[in-house]
Every structure is written in structure tokens, then in C-alpha cells.
Colleague: 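One structure coming up, written as C-alpha cells, with questions to follow.
The figures here come from the full heavy-atom set of this structure, side chains too, leaving out hydrogens, waters and symmetry mates. These numbers come from a predicted model, not from an experiment. We name chains A, B, ... by the order of the sequence lines, and we start the count at 1 in each one.
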There are 4 protein chains.
Amino acid sequence: MSVQAKNTRERLIEAAKKVFSEKGFFESHISHIIEEAGTARGTFYIYFESKEEIFKEILKGIVEELKRRIKPVNVKEDPIDQIVRNIERILDFAVEERELSKIILFRSYDTSFSTIVDEFFKEVTEMVKTSLEKGILMGYLKPVNTEIIAQAMVGAVKEIMKNAIEKGNIDTYMVAKELVEFALGGLWDVKGRC
Amino acid sequence: MSVQAKNTRERLIEAAKKVFSEKGFFESHISHIIEEAGTARGTFYIYFESKEEIFKEILKGIVEELKRRIKPVNVKEDPIDQIVRNIERILDFAVEERELSKIILFRSYDTSFSTIVDEFFKEVTEMVKTSLEKGILMGYLKPVNTEIIAQAMVGAVKEIMKNAIEKGNIDTYMVAKELVEFALGGLWDVKGRC
Amino acid sequence: MSVQAKNTRERLIEAAKKVFSEKGFFESHISHIIEEAGTARGTFYIYFESKEEIFKEILKGIVEELKRRIKPVNVKEDPIDQIVRNIERILDFAVEERELSKIILFRSYDTSFSTIVDEFFKEVTEMVKTSLEKGILMGYLKPVNTEIIAQAMVGAVKEIMKNAIEKGNIDTYMVAKELVEFALGGLWDVKGRC
Amino acid sequence: MSVQAKNTRERLIEAAKKVFSEKGFFESHISHIIEEAGTARGTFYIYFESKEEIFKEILKGIVEELKRRIKPVNVKEDPIDQIVRNIERILDFAVEERELSKIILFRSYDTSFSTIVDEFFKEVTEMVKTSLEKGILMGYLKPVNTEIIAQAMVGAVKEIMKNAIEKGNIDTYMVAKELVEFALGGLWDVKGRC
DNA sequence: AATGAATGAGTGTTCATTCAT
DNA sequence: TATGAATGAACACTCATTCAT
């Protein structure tokens, strides 16, 4: 694959990301992508077998990047801060890569692709659940229904991501911190209660 | 409109709900709907102007039903219990009307329809935000960033709904209660802290 | 056939005339006709076998009426005046029955119907041709190419009819006279020529 | 646009001319045109946006060609001969381009297209009217009702055109001359009258 | 590698006609 | 007679994909 070719492929991917993020899978047409990329119709099919393929590649890229941003919590440092940082990095992705984030959070895609995204969120939910269980076992956390609470927490972050995409420039660290504090401390004002 | 006609229309709506919930808007075709309903092609167009129209009607129905299930919290009774009941009713919808719930939570639809659903969730978020502000003012709740927390809570319920749809028979009251307790009390085990 | 029935049939015919005159054959739909007539869909098919049939009936009615208005020229009275009167009556039809006239002069219809109208105009052309031949034989008229001139005269009247339909209230006798005088005397100003 | 493309487009136009001339606008279907042209369905839509578009293009072409054949009468040469030549060229069009002529003179088309053709004939009528007025002012022609006579003359030529289309090979110069002589001299045999 | 003209299966939609009530 | 719900063949148009150059 020559440099030129690599450029063409890259151009198509970038174009597709833009188009998919604006219109979703179904309302994006090959004509939109090649027009945006400035290539001919046939050129698209040199690099990609189908519309499905390029979409899947983009989708997998998004999921990989998101996974990369979630780092396992180690015991050497403050676990709470590590969780905040993980959420911060996820929100950063929403802000930095608005187009890509839109694709998985706002835009519609073929039922057959859902597994890719759903799988990812399920994995994350499982991770959170395991962490909660650990925290409970260690006596730090209340003995909650970990499955439910894990789902709730993932749903919460997703929704905040959506808002981050729309708002654009938010203080992701602050938001992540607020979220974690809320999850840990809850809403009750306990000042005078103990 | 005769009884027949009402039945036919109803049959088409029911068929469409099923088809849309399985395939989403784009991959659902008129042929699928009429086959499911057992009517002729032309019959569909007696009752609906287009595929868009019937989808919109179904979407609006879902949103209306969800709104109906969210009752304003009054001061005469325990507010916490009322919130739990609201969430319970929403989760009940996910369990009772799995197909309809799938449409708005899992399936893809035309960008032009998103507003209907998005508007609804924005309204709910706004409601939650206002409630939080009231609780803070009355000194019951901590002074949190109400916008962020409201979004987080709505996202949490959405995610739990998704799980309810998939799981099928869950104890919605218990789940709602768990969720509210988590939101109020947080995760920190405070037994020995005060 | 009861009186009621006759009324229904008549109502459908009148409605069809109006609709056909506005939209032509192809863009007129059964729904337009029954809406205008205030009958049910099925009622239409009690009285007419098809859209074609009712159109044909109307078309034939128009042609019959036009034929009725063209009276053979007799030798007892001034032949020129009789011709003027014939043309006047044709133009009167255009003015009195604008809708019907529109159908044959402006609106589009199925190729299979053209014969009905074309036949009529051909007959008229033949009549004019025969008259011209007679006039030439009797020495009143110049020895022209009767076929060409007959066609020209029929075409002239058709075009004047179209104008009569559009203008609405014109002095049809005057126009008919002007036309005949032109045909007989031509345009050359011969005042000083003989 | 490549040579191929131009050929394909041309082929479609030629096919459409043939089909439209045989069936009129409404009874011509895309399938007829592409079958005649020997292209695939989609190919049609590469070159034309819709059935309406290709029809309009053809219609406009006809009107343009007809306009091209009507040359303004100049004073340097015999005006009568120039008029004869104009009519001759119009009749030549009917003979040379029978298919195209059929489209505007015999075949049915959407009401929305009529303006294109009507406009043309109105323009021509206006031209004739102005010429008549000039002739009257210059004392060559009798003071007739120019509007009526102009219409009559246009209608006459239209009808002769129709005949030319059907007959096929006629002496267009002779017919044009006959027509003009008739218009100028009328039918009265004036041999013994002055 | 790159092009872009050509393809054709597949969509939504229309509308004259039928028929049970 | 009258109704109007139901029918389905037929139509214009779309768009992912192919392939000769």
C-alpha cells in the first residue's frame, strides 16, 4: 500500500466519520462520503467492501479508543481519584471527538452493529460491578445491589457524555468529580444528622 | 370510521409496533408491516399517509404514556416514596410494553424523529433538576450541581430500563427503591464514620 | 331506474365534467369525481364501468351537441349568413359550456379517445370542403385547393373557440362575421385596385 | 461528461422522443423509455431527475426549433414571400420531425407543461397581430380585427401542420403559398366584380 | 490505484376497481 | 341502490455495488 493509497483510505475514513456523525448509518450514502473525501465512486470500493465495513471499522475504532481511556484501578494510588480520572478521560473523548461520540451516542445504525457498542458498555458495566463488589467486601461501600447500581452508574456517565457532546467546552474533571462524589456521598444533607 | 376500519387501523398499528421494535425505522418496510397485519398494500395507505406518519404516531404514543406515568410529587405524602413509585411505573412500562420501549431505547430512527424522544427526556431532566433545587433550598439535600446530577439520574433510569426490557420479569419496585436509596445515601459505608 | 338513481347518475356526470375540464383525463381521479358529486366510491361503479366509460360518454355528448349546432346550409336563405350563424353557434357553445369545451380543446386525454374528437373535426372539415367545392362550381368562389383551405378554416375556428373559452364574454356573432368576411374577402385592401 | 455518457444521454432523449410521441406524457413510462434506449433503470436517473424533466427538455427543444424557423420579415425583400417561407419552414418541421411535432400537436401532457407550448403559440399570435397592424397602417391591408384574424391564422397553420404530420410527404411550399394567397385574396371570385 | 458510467433489485406510494354489508 | 373498506398491480425513483477503461 503506497503512501498515496494510505492517504486515500484515510481521507475516506475521515469523510465517513463526519458523514456518519451527521446523518447516522442509514441516511449516510456512499455519495456523501466520496463527495466529502473527494474521491471517485469506484475508489471507495478499492478500500472498503461495503458501507457496512467502513462503518464497522469506525465503530470498532471508537470502542477501542474508549477502552484505552479506561485504566484499571491500582491500589498504590487513591482509587477514587483514579475513577474520577477514568470518567474524565471518557468525557474528554466526548469533547475532543464530538463526531465520533455522536455516532455511538446519538446516531442510528443497523441492528447488526449494536452488539459492538452494547458489548463495550456491558464490559464496562461488568467492570464497575466487580469494583463495587470489591469495595463492599473491603467494607468501604454499602452492600448495594451491585448489578443495578453498576448499570445506573454507566447510564449516568453515558448521559453526561451526551451533554458534553452538545455543550462542547465543559470542565470534564469537575464534572467527573461531581459525579463520583454524588455516587459516593449521595444527596442527603447529613450535616446535622449524625 | 366503522368497527372494521378501527380494527384494521389497530391491526396495522400493532403490526408496526412489533416490526419497528424488531428492526427499527429504517429496516422496517411497509411489506413487513402489512404482512404482519395481514392487509393489502393499499390498505396501509388508507390509514396512514406514510411510513413516517405511523412511526411518529407510535413514538408520540410512547412518550405520552411515559408522561402519564410520571406523576408530580405532592407534599401531603412521603416525597421519596412518590419518586420511587414514579420510577417503578416507568420500569413497569419497560416490562409491560417491551416492544414499545425497545423502539425508543434500542432502535434506530430518522434524525427528524429524535426531537420527539429527546424533548421528552429533556423535560424529565428539567423536572428532576427543579426537584433537586427545591430539596436543596429546603435543606434536605446537599448543594450539588443540579444540572449534572439531574442528567446522571435520568441516564441511570434509562439504563435500568434497558436492562428491564432485556431481563423481562424483574421486581420493578425493588429496583426503583434501590436506585433512589443509592441516589440519596450514596455508596460510602458510613456506619462507623459519624 | 328510479328518479333518485337518475339524479345520482346526473350528479356524477356533472361532477365528472367539472373535474375533467379542470384536470384532463389522466389527472382526474375517481376520488375527485365522487367528492364533487357527493357519492360513495362504489356508487360510481353502479353507473359507470370505468373512468374511461364516463369520459367517453361526456366526450360523445360534447361532439353530439356540436354537431347539433352545425345546420346544413339551405339555398332558400342567404348562405353566407347561415355559415356565420353556424360559427356563431359553435362559439356560443365555447362560451356557454366552457367546461365541456375545455375538455376537447385544452385538456389531455387517452390516445384511445382522440378518434372521437378527431373524427368529428374530420367530418366538419369534409363538410366545409364539399361546400367550397360547390361554391367554386357555382362560380362564386375562386378555384382554391379545397382540402387545404377547409383544414385552415376549421383550424381557425378551433383557435377562436379557445380564445372564446378564455375570454368568456365575447360578441360571438361579430366574431363569426369577422371570420367569414376575412375568409371571403381576404386581407388585401382593394379599394384602389380595380 | 464523457463520449459514452453523451451517447447514453442522447440515446435516452431519442428514445423518450419516440415514446412520448407515441403515447403522450402520461402513458409513457420510464420502462418504455429505457427499453427503447437499451439502458438500465438507474441509468435514466443519472441523466434526468424525473420523467417531468426529460419531457420538459424535449418540449423546450421543440419550441426553440420552431422559433428558429420563424424569421423576422425584413423590408428589403418581398414580405409575402418571406411569410410563405416562414410557414413553409414550420410545415417542414412537421414533416421532418413528425415525432416531435406529434408531441406538441397531438399528444397529451401534464397541465403544468401547457404553458411552455401555449406561451409559444401566444407569442406567434402576437407577432402576426403586430404584422397585420403594420400592414393596415401602411394601407396594404384592410382594417380588420387584428386579434381575431391573427388567432385564426395561427389556428389555420396549426391545423395544416397536423395534416402534414399525418400525410407525411406534402409540397410544403405549395401549401404555404396556397394558405397565404387565401389569407390575402380571400375566397370570393372577383373576376367579374370590379 | 483511480475513475465514473452503468446496473437492477428493492422501496414507498398511487389509484382504479371490487365486494361484503 | 348505496356504501366505503379493502385490494394489488403498477409506477417513479433510490442507491449500494460492479466493471471496463
Colleague: Does a nitrogen or oxygen in the side chain of Thr43(B) sit under 4.0 Å from OP1 or OP2 of dT7(F)?
Modeller: yes
Colleague: Are the side chains of Tyr45(A) and Ile30(A) in contact, using a 4.5 Å heavy-atom criterion?
Modeller: yes
Colleague: Mind checking if Ile30(D) touches a base, just sugar-phosphate, or nothing, with heavy atoms under 4.0 Å?
Modeller: sugar-phosphate
Colleague: Flag yes if more than 12 heavy atoms outside Glu52(D) fall under 6.0 Å of its CD atom; otherwise flag no.
Modeller: yes
Colleague: From CD of Glu53(A) over to P of dA16(F), roughly how many Å is that when rounded to an integer?
Modeller: 15 Å
Colleague: Rounded to the nearest angstrom, tell me the gap between atom CD in Glu27(B) and atom C1' in dG10(E).
Modeller: 14 Å
Colleague: More 5' along DNA chain F: Ala40(C) or His29(D), using each one's nearest nucleotide?
Modeller: Ala40(C)
Colleague: Given that Thr39(C) and Glu49(D) both sit by DNA chain F, which one's nearest nucleotide is further toward the 5' end?
Modeller: Thr39(C)
Colleague: Can you tell me how far apart CZ (Phe20(D)) and CD1 (Ile54(D)) are? Round to the nearest 0.5 Å.
Modeller: 6.0 Å
Colleague: Does dC13(F) have OP1 or OP2 under 4.0 Å away from a side-chain N or O of Tyr45(D)?
Modeller: yes
Colleague: Only one of Glu36(B), His32(B), Glu99(B) forms a side chain to side chain donor-acceptor pair (under 3.5 Å) with Lys18(B), so which one is it?
Modeller: Glu36(B)
Colleague: Between Thr8(A) and dA2(E), is there a contact of a side-chain N or O with OP1 or OP2 at under 4.0 Å?
Modeller: yes
Colleague: Should the side chain of Arg41(D) and the base of dT14(F) be counted as holding a donor-acceptor pair, with the cut-off at 3.5 Å?
Modeller: no
Colleague: Looking at the side chain of Glu52(D), which of dT3(E), dG4(F), dC13(F) is the nearest nucleotide?
Modeller: dC13(F)
Colleague: Which whole-number value in Å describes the distance from Ile46(B) CD1 to dT18(E) C1'?
Modeller: 12 Å
Colleague: In whole angstrom, give the distance that lies between atom CZ of Phe26(A) and atom C1' of dT14(F).
Modeller: 16 Å
Colleague: Hey, do the aromatic rings of Phe25(C) and Tyr109(C) have their centres closer than 6.0 Å?
Modeller: no
Colleague: Do the side-chain N or O atoms of Tyr47(B) get closer than 4.0 angstrom to the phosphate oxygens (OP1, OP2) of dA5(F)?
Modeller: no
Colleague: Within this structure, what is the CD-to-P distance between Glu35(C) and dT3(F), rounded to whole angstrom?
Modeller: 14 Å
Colleague: Quick one: stems for DNA chain E, with Watson-Crick or G-U pairs under 3.5 Å, at least three in a row?
Modeller: E:2-21 with F:2-21
Colleague: Between dG4(F) atom P and Arg9(B) atom CZ, what is the distance in whole Å?
Modeller: 18 Å
Colleague: Are Lys17(D) and Glu57(D) ion-paired here, with the side-chain N under 4.0 Å from a carboxylate O?
Modeller: no
Colleague: Report the distance from atom CD1 of Ile34(C) to atom C1' of dT18(E), rounded to the nearest whole Å.
Modeller: 14 Å
Colleague: Salt bridge check: are Glu65(B) and Arg68(B) linked by an N-O gap of less than 4.0 Å?
Modeller: yes
Colleague: With nearest nucleotide decided by heavy atoms, which residue, Lys51(C) or Phe44(A), maps closer to the 5′ end of DNA chain E?
Modeller: Phe44(A)
Colleague: Can you check the Asp110(D) CG to dA12(F) P distance for me, whole Å?
Modeller: 13 Å
